[in-house]
Structure formats: C-alpha cells, structure tokens
Chemist: 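Here's a structure for you.
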Amino acid sequence: MAVIGIMSAMHEELAAVLAAMPDEQRVRVAERDFWVGHWHGHDVVAVLSRIGKVAAATTATVLLERFKVDALVFTGAAGGLAPHAQVGDVVVATGLVQHDMDASLLFPRYEVPLYGRARFDTDPALSEALAAAASQVLSDPAQHLGAQAIADFHLLSPRVHQGLIVSGDRFVSTTAESQALQRSLPDALAVEMEGAAVAQVCLDYGVPFAAVRTISDRADDDAHTDFNRFIREVASRYSLAILSQWLMHR
Ligand code: ADE
C-alpha cells in the first residue's frame, strides 16, 4: 500500500493529526519525531516539518529516504499576498518558488542553480483532490470552527484558491515587504517559509507533492495580530478536516 507522508508546520496541527491516528508509533531520526501509523485505512507517516527551508528539506528527505513515502502533503499557514487571498481562505499550491533565491549574476532571478527552473510544480491529481476536500470543508466552516472564532476572524464565506505559493526564510510582516513581493512575483497568492524547498526535494526523488495553506495574516504590518489563536482555533482545524476528508475518499 502507498505510504503517505504528512508534514505539518505547526504543533497544534500535528497534535490534531496524531489524535486521529489510532496506533501511531514514534520513530526518532535526525532529532525529529516521525509518527508511523494509519488514518482512514492508509499507511501514514506524520511529522512536524520544522520552520524554514533547510529544516523542512531535511525533514522531507528523511520521510523519503527512511520512510519511503510515495506521496508527501504539507499543511500549514501562510501570509496572503494577492488581494483576494484573505485571512481564513485556503490556498492549494499548483507551484512554488523560493522568493529569496538570487544567484542573478549567474542565473535568472529566482532560478535554483542547476535545476533550470524557478518554479516547482505540485502534483496535479493530488492537488486537485486536496482542493476538492478543502472546498468541501470550507463550504460549512461552522462544522469545524467555534462560533466565536468565525465571528472574530470574519470567516463567513472563506474561499479556496489554487496557484503560486512563494517560500523564503523570512516571516513577512511589513506592508513594504509584502508589496515588494507582489511587485516582483505578481502571480503569488501567498508566502510561507518551507513549501518550495520541500517541493524541490520531492522533485529530486520523483515523489508527488502537494501543499495546503490556510491564510493566517496578510503578511503586512498587522501580521502578528492574534496569530497563535488563529493557528489554534482555525488553521489547525482546517488542516485536520481537509486531510481527513481527502484520506476518507482516497
Ligand atoms: N506563515 C504564516 N504567515 C506568514 C508570513 N506572513 N510570512 C511567512 N510565513 C508565514
């Protein structure tokens, strides 16, 4: 049976996934805890991604080398860049770019040297299936979130977007930086700190990759507002519900 790797960016998300896995066993590799078990009848290995491109790439490499995962799905939060990527929306990546990659004396801006590309595409079938699961979950937020969170974060009609996510080793939290990113990468829907690196590792191993991110902030001067509460009360619950919905119908 295919082994599915799940990388969660946040502790709360991983805890929710582990609570849904009846029989997980902990295996410690490279100072990380990998949780091997089952979910909806699938062989699953779940792990905290860790933060930033290098840490996430290491985690992904262990999932691929040691645990031989046949598909890798990343869930977490992201800052919205495109005007329509609003807090509470979900972005399913079709491709990812490292926004802080710049070897531009030798290679075009954003191109990863020796890969001949800046953009790393996700697996279309995997991404479509996750987008369908996300649409299902977001069609009725009240089924997954508390009434107070829906009211406080204005989550009455959240939307699913599919498109470009950009990654870099910076938490983007100023309007100036967010606008600069939007100007230089106008297709980017959202920004986070791991996805493009994991996509690159998955390309190296020829393993299908998908990434699902809940928009937690607008990557602007207000980006810190209630971040931890949003992760706990919204993003983690969406991740759990989307993964569960996807695995149930896979
Ligand atoms: N993850 C969630 N919000 C983010 C932001 N504004 N920048 C980078 N990563 C993020």
Side-chain angles (χ1 to χ4, degrees), residues 6-14 16 47-57 59-60 73-93 95-102 110 120 122 130 134 138 145 149 152-155 158-200 209-240 242:
I6 296 176
M7 286 176 69
S8 307
M10 291 146 335
H11 278 288
E12 292 87 348
E13 261 185 311
L14 179 66
V47 62
L48 193 68
S49 65
R50 297 207 174 189
I51 297 171
K53 291 184 297 166
V54 173
T59 308
V73 176
F74 195 111
T75 64
L81 290 178
H84 60 285
Q86 290 295 329
V87 170
D89 289 358
V90 167
V91 177
V92 180
L96 299 102
V97 167
Q98 295 178 36
H99 70 73
D100 54 358
M101 174 58 75
D102 187 359
Y110 305 117
F120 293 81
T122 58
L130 284 157
L138 266 58
L145 311 179
D152 293 351
F153 293 111
H154 312 290
L155 306 177
R159 295 200 292 155
V160 179
H161 310 278
Q162 289 179 269
L164 181 68
I165 291 181
V166 297
S167 314
D169 287 319
R170 301 178 57 77
F171 192 96
V172 179
S173 58
T174 65
T175 303
E177 188 173 356
S178 166
Q179 286 177 346
L181 275 175
Q182 286 172 66
R183 273 194 301 275
S184 44
L185 291 160
D187 294 343
L189 297 177
V191 59
E192 36 85 315
M193 302 178 67
E194 298 85 17
V198 177
Q200 181 179 333
F209 172 69
V212 181
R213 296 273 189 171
T214 303
I215 302 296
S216 55
D217 56 83
R218 288 281 311 153
D220 58 10
D221 297 338
D222 301 324
H224 57 281
T225 317
D226 274 349
F227 183 78
N228 290 325
R229 182 177 166 217
F230 184 89
I231 297 303
R232 206 171 49 244
E233 296 185 18
V234 181
S236 303
R237 297 189 186 197
Y238 276 168
S239 295
L240 176 72
I242 292 166

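First listed ligand is number 1; within each ligand, the first listed atom is number 1. Please read all numbers here as calculations on a predicted model, not as lab measurements.
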Chemist: Please examine the side chains of F153 and D226, heavy atoms only from C-beta on, and report whether any two atoms are closer than 4.5 Å.
Modeler: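 D226 reaches F153 side chain to side chain.
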Chemist: Does one side chain, of T175 or Q179, offer a donor that lies under 3.5 Å from an acceptor on the other?
Modeler: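 No, no side-chain donor-acceptor pair sits under 3.5 Å.
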Chemist: Would you please name every residue forming a side chain to side chain donor-acceptor pair (under 3.5 Å) with H161, sequence neighbours left out?
Modeler: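 Counting only residues at least two positions away or on another chain, H161 forms a side chain to side chain donor-acceptor pair (under 3.5 Å) with D89.
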Chemist: Any protein N/O atoms within less than 3.5 Å of an N/O atom in ligand 1? List the atom names and distances, or say none.
Modeler:
| unit_1 | atom_1 | unit_2 | atom_2 | d |
| --- | --- | --- | --- | --- |
| ligand 1 | 3 (N) | G79 | N | 3.3 |
| ligand 1 | 3 (N) | D217 | OD2 | 2.7 |
| ligand 1 | 6 (N) | V172 | O | 2.8 |
| ligand 1 | 6 (N) | D217 | OD1 | 2.9 |
| ligand 1 | 7 (N) | V172 | N | 2.9 |

Chemist: What residue among L81, V172, L96 forms side chain to side chain contact (heavy atoms under 4.5 Å, CB included) with V166?
Modeler: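 When side chain to side chain contact (heavy atoms under 4.5 Å, CB included) is applied between V166 and each of L81, V172, L96, only L81 qualifies.
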Chemist: Determine whether S236 and E13 satisfy the following criterion, side chain to side chain donor-acceptor pair (under 3.5 Å), listing intermediate values before the conclusion.
Modeler: CA-CA 4 Å; S236 303; E13 261 185 311; 5.9 Å; no
Chemist: Taking the six-membered ring for Trp, is the centroid-to-centroid distance between F227 and F171 below 6.0 Å?
Modeler: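 That pair passes the under 6.0 Å test.
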